[in-house]
*Asks:* 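One structure is given below, represented as structure tokens, and several questions about it will come after.
Proteins come first, then strands; the chains are lettered A, B, ... in the order of their sequence lines, and each starts at number 1.
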Amino acid sequence: MNLSAPQRFLPIPVAPLCKVASLVAMSLCASLLSAAADGGKGQPVAFTHGRPHTLRIAGKEVIDNTHSSEEGSGFFILLFNGSELLELPLKDTSWEHGLLTVRGERDFPRFTFEARQHHDRLELELIKMEGLPIGRDATLRLRLPTQRPLQSSLLPGGHPAAPHAPRASPSSLMNGKPRPGVEIENAPASLTIYWTYLGDRDAGAPLGGVALK
Amino acid sequence: MRKISLIAFTILACVTAFYFYSLHFELPLASKSLEPAQPAPLSTSNPLTWLDLAPDGGHPRDGFFLSFFNGKRVEEIPLHIDQSNDRLVATTPRFPEVSFEFALRETDRYLALALIKASGLDTSRDCGLLLRASRKRTGRVQVIPLDYMIKADAKSDTLAVHWPYLWNRHPDDPLGSFALYRLGDDASNDASLTSIWVNEDFPRPATGEPWTEAAVGKWIGRYHQEFAGLSETTLAASNADDLYFLSDKMKGFGVRRIYLHTDTWRGEYWPRKQSFVDVNQEVFPNGREDLARYSQYLSKNGMLLRLHSVSAGIGYCDAKLVKTTSVNGDIARWAHGTLAQPLSASDQEIHFRPAPGTSFPHLRMPAHWNFQYFCIGNEIVRAKVIQEADQPVWRLSDLQRNVNDNPLAPGSHPAGTPVTALYSSYGQNFVPAPDSPLFEKMAVQYADLINRMHLSHQHFDGAEIHHAIAPWGFDKLSAIVARHLKHPVTSSTSGGRTAPWNIEMRFSKIRALKELGYWPATVPVLLDSHRNASSLLDAHYQIGEHLLLHGRRLGFGKPEPMFGLSRQAEEEHGLMPEFAKLIEAWKGAIYNLSPAAIDYLHKHLSPIERPLRQRGNHYESLDVPVMEKRADGFYFIPTRVLGRAGIDSPWIVGQEFGALGPRQYLQAQTATASEADAPPQLVVENPHAAQPPGVILHVLPALGQGSQSEDVAQPSPPALHPKSHNRQDQQLDDYSTGTHRNGLAGDLAADAPLSTELWPKAGSRVEIEQKGATRLAFEGEAILLNAKNPHSAPLWDVAELPSWRCKIPLNGRRGLAIDVEGDNSGACLVVQLHGRGVRDYVVKLDFKGRRRIIIPNGEVAWSNAAWGWRFDSKFFVYDGALSKISLGFGYLPAHSKARAVVHGLTLLDNIAAPLVNPTLTVGNATLHIEGAVESGHYLTYEAEAGARVYDANWNFLRTLPARAEKWEVGPGKLPVRLTATGVARHQAHQRLSPGQKPWLELQLLTRGPAYRFQTLEGSTQAESSE
């Protein structure tokens, strides 16, 4: 079995208006459910100092907390500086109005996610990205240690071949390579999601996300 | 002949390597099918042949590579090399449009390679060129960059040369060149370095004479003469009298170089209003003229001058560059655009329309970069909040207007006004753009300062501020400086290394001068303030520790910012004569320490592995290596402060803090018949043989709550208002950006309530900032705390605790009372007091039920093994005010929950209460001392010296009658009890309550076997233990 190949199931298409409506609804629900920013309490995904401690899918906890503090767990920015690959942890995570915000040092870069709980799956979508250098082949990586293998699929924007997929980098070194999007590495005890080539996304194009079950 | 042999050998090696390569090695899949079957033969030597590599490396990890990031990991594409005489071309079929052309130059001493053309790359920053070779193949070859676009990495297992900045397209910058030379004996290496320095474009000094091999030899000789046996002390002075007084003192102590920090010579730590080369006119009234006169004075007395500098920063209010009609266009900027809407003088939101393609700077941005400064016309505005940075118009808010204090700024700006975003380093300085004329001008200005003031050192603290746009910025700056220097200088950078062009340090004669290393070997001289005055044990530990960091440059120093020895400290520290003797003793040994002596230290000191964040690379130990110079040589005597395993911290050296030793805190009991059989207050362990122990008792104030009767001796009443934020404070804040970031205690409002209770009053609205794992809630007068650590590793929430704001004057109070209902979870409950600095107060929850706990001061946590010292708690002003209180679980064991209820969190008043007629019992040994020791004073006892009393700064005051019974402790666990028969009588006299006894810091000392060590020029006798 190829563990790195995504186990596909039907993604939920999200039209822009629906998206806005669902965003508002999510915000209201989340506000009711959690009176204030509570560090992720009651949320489907939560972190302490950037280390994941909660991943709830269909009402069940699937995070493996015996490994959640291991090196590499949580959000990281990956980038190459010409001589070495840098893995910069993003430790500042917060839930506000039903949205998960992940920040770098001094507030940037800043990523905003929408988490949608369905009866059988959790959808995690990157909906906003600020403060990332354009033209820089930066990747956002999220690694979650899990108690069991998860099934995963890509949301719109995650598929490199999708109509609204981000354009390929103009870099000559990119020629012939897969187009940027979202990649998933599924392992028995961990799930790793890569949002690749974030510095080369077209304005307005979906940034991509995953559905997990 | 040698060259011919080399070529023949090279060809043979190539053929052989190709043969084995074709048999055994596989290229990565992508390249394997694409590479030509047979590379073109090489016509002469090149870096591959020098490194004994096949033309395509010969091994998957050796050779030239094009490296790039594929979104998940870095790929390395082997490059094929074609050579035509002195030209190399590197290509790969995978990216046919990409090629690199190099120029070669080979002499009998070295081979130099310069990248002269890189084709087919776009402006992506995500690719690099790499030459790498395993040391198994290279043999003894060394690499040296010849310009600032190269990063060379010569490790024991790999030699690597990186061209990481291929994306740079500025025509004035080189593309990157380096030289290889074969390592041989010292003479051979020196000859190779000389040849490279003379024949290549490596930065050379501006001597005005031909740069020949003879000139290099002369220069190196002069360098050695200037710096061999260098000792150094940092001085702090606020006027010329003090500076000359201290300089004369240092001459008397045999110190060779005076080091002035920016607080003394420039008057501003980071340039603020002045330029980075301006002079402090309070110390040097005639500016540079007086500084030059001082330098000449030192020179006449056989001394050198070093000035600290934080590289070439530009102050926010620089009169020539910023506070002007037009902010200098050469200051580094990361975004350009316009105002999308007009901005009035009172507006607190800016609508910024960035130019198309504008983005945030590249991400190799450590926390010291600040993106909050925007230039609108000639007004600089700080915007603490940037929103909608993914939209065509950004919203900038939480503004600080006219940061540059520019009277010429109009205040309001019409829509369309140009706006630029400025790089700000540490939130303190702007920097010159690395390709601008200003950049070169500032580098030359610094070289000019060194030349004219005859400084003996080029200092690039804060070198990283020049990496804003270009990661090579500092290397470029220092290269320009190096080309303008006229006399030998040492160098240092914030990275702990010498400047990249300080090639003198590679020559054998200079490399042997360990006194030129980054670390000094400093005796700490610190007066009693927010922490104890430095002691002789501190001095011994710190020098021993610095030896392991290769520190050999002896001197005195204040172990905390701004590091300078002041006249007050020199005159008031009672141990100065002892410190001077220690330095004098070390002078006989430190420059020629035998490896065995260092090995001995390594056996006793080990790298710090404290769970709390430490900075720097320091060592911890249970023993202090006390150094003694005796008639027959030098000795280390391992000296132990007796402690409790798992309870007391070991000795450490804190970064920018100095030595810190273990101690125990206790109060003297009243000696009554009923208490005679009371359990011991402590049980400590002696690892050494039976001997009379030494004693150090530091008498702290008694602690109380509420007002005392008027005739009770009190510390002089402090002002309600904290000290104004003076210039010295400002310099400290500029330096200690951590303190700055943590926020300063605001000035107290005149009607601020005087309160010692630290929890909010019922009914008052206090906003709790919830942070980290702890959740905090106020319930009446109780504070409820809950936390959970679901992880398999312990959770350290060191600075991530819930907090609330307050304005409470400290008035010198240090003690804290706290009632805790514990849960025996093993968690650490931490109270952090934030004012000017931070102090931690820690309670380990190893109990159940309610306990009242007194913590006599914020330094207790430092010697608590469950917590310890941390960089951010190193400084505190007890005379200031609290601005914030944090409370929560700083430590949670793995897979644990913790719950605590806190009551009565209260600051305690200091009450002067002497220790009277103490009796100390350690095991079966008893010591009776007659007399009183005041608060703040030390009482020491040694069998030979008797009982001695010192003031808070270790000035000897008097001896006291002492009677020792069986004064000897054996190895093993020792119960300790301290009583003071005079306490009750004194308390009655002073009308103190029974609980108001002085607190005490106790250190009991025993010594292990002495170890005699030799110097390399000393006796040939083997090192031995007594």
Side-chain angles (χ1 to χ4, degrees), chain A residues 36-39 41 48-49 51 53-54 63-70 77-86 88 104-110 128-139 141 169-178 180-181 183 185 192 194-197 199 203, chain B residues 66-74 94-95 97-98 120-130 151 153 160 162-167 357-367 369-372 385-390 471 770-773 775 789-793 795 797 800 894-895:
Chain A
D38 64 355
K41 203 181 239 182
T48 310
H49 300 327
R51 288 179 295 189
H53 63 71
T54 296
I63 203 83
D64 175 9
N65 268 317
T66 56
H67 294 100
S68 58
S69 54
E70 283 179 359
I77 287 285
L78 309 186
L79 58 95
F80 183 53
N81 67 4
S83 59
E84 59 185 326
L85 181 66
L86 307 176
L88 310 175
E105 287 193 72
R106 297 202 175 256
D107 212 22
F108 290 106
R110 193 162 60 202
K128 193 175 177 71
M129 176 179 75
E130 297 167 274
L132 206 65
I134 292 172
R136 185 103 171 122
D137 295 346
T139 288
R141 187 186 75 196
S169 162
S171 164
S172 59
L173 297 182
M174 295 274 297
N175 289 345
K177 290 197 298 161
E183 289 189 46
E185 281 181 0
T192 307
Y194 298 87
W195 282 265
T196 64
Y197 300 104
Chain B
L66 171 64
S67 52
F68 69 93
F69 181 49
N70 70 9
K72 288 167 72 176
R73 48 192 65 88
V74 175
R94 182 158 170 191
F95 300 111
E97 69 277 26
V98 174
L121 297 167
D122 63 9
T123 55
S124 167
R125 291 187 170 202
D126 303 302
C127 61
L129 176 64
L130 162 67
K151 279 174 68 180
D153 201 0
H162 296 271
W163 287 261
Y165 316 127
L166 297 173
W167 46 273
T358 295
S359 75
F360 273 65
H362 60 88
L363 279 170
R364 185 70 199 265
M365 285 291 166
W369 285 109
N370 188 312
F371 305 131
Q372 300 174 339
V385 177
I386 302 174
Q387 289 169 299
E388 305 301 327
D390 58 340
Q770 302 284 5
K771 248 184 170 184
R775 288 293 162 267
N789 176 15
H791 302 291
S792 56
L795 184 67
D797 262 350
E800 300 285 320
H895 298 304

*Asks:* Please work out which of the three classes, parallel, tilted or perpendicular, describes the rings of Phe360(B) and Phe108(A), given edges at 30° and 60°.
*Replies:* tilted
*Asks:* Ignoring hydrogens, what is the shortest heavy-atom contact between Glu130(A) and Gln387(B)? Give both atom names and the distance.
*Replies:* OE2-C, 3.9 Å
*Asks:* For each of Met129(A), Arg110(A), His49(A), tally heavy-atom pairs with chain B at distances under 4.5 Å, and name the one with the top tally.
*Replies:* His49(A)
*Asks:* Return the minimal non-hydrogen interatomic distance between Ser67(B) and Gly82(A), and the atom names on each side.
*Replies:* OG-O, 4.2 Å
*Asks:* Taking Thr139(A) for its side chain and Gly71(B) for its backbone only, find out whether a donor-acceptor pair lies under 3.5 Å.
*Replies:* yes
*Asks:* Counting C-beta onward and ignoring hydrogens, is there a side-chain heavy-atom pair between Glu800(B) and Thr48(A) closer than 4.5 Å?
*Replies:* no
*Asks:* Side chains of Asn81(A) and Tyr165(B): closer than 4.5 Å at any heavy-atom pair?
*Replies:* no
*Asks:* Contact part of Gln372(B) toward chain A, heavy-atom cut-off under 4.5 Å: side chain, backbone, both or neither?
*Replies:* neither
*Asks:* Identify the two heavy atoms, one from Val74(B) and one from Phe80(A), that lie closest to each other, and give their separation to 0.1 Å.
*Replies:* CG2-CD1, 3.5 Å
*Asks:* Rounded to the nearest 0.5 Å, what's the gap from OG on Ser359(B) to CG on Leu132(A)? Could you check?
*Replies:* 8.0 Å
*Asks:* Is Asp153(B) close to chain A through its backbone or its side chain, or both, or neither, when contacts mean heavy atoms under 4.5 Å?
*Replies:* neither
*Asks:* Can you tell me how far OG1 of Thr196(A) sits from CG of Asn70(B), rounded to the nearest 0.5 angstrom?
*Replies:* 9.0 Å
*Asks:* Considering all heavy atoms of both residues, which atom of Phe69(B) and which atom of Leu85(A) are nearest to each other, and what is their separation?
*Replies:* CE1-CD1, 3.5 Å
*Asks:* Between chain B and each of Arg51(A), Arg141(A), Lys128(A), count heavy-atom pairs under 4.5 Å; write down the option with the most.
*Replies:* Lys128(A)
*Asks:* Pick from Ala894(B), Ala389(B), Gly357(B): which one has the most heavy-atom pairs with chain A under 4.5 Å?
*Replies:* Ala389(B)
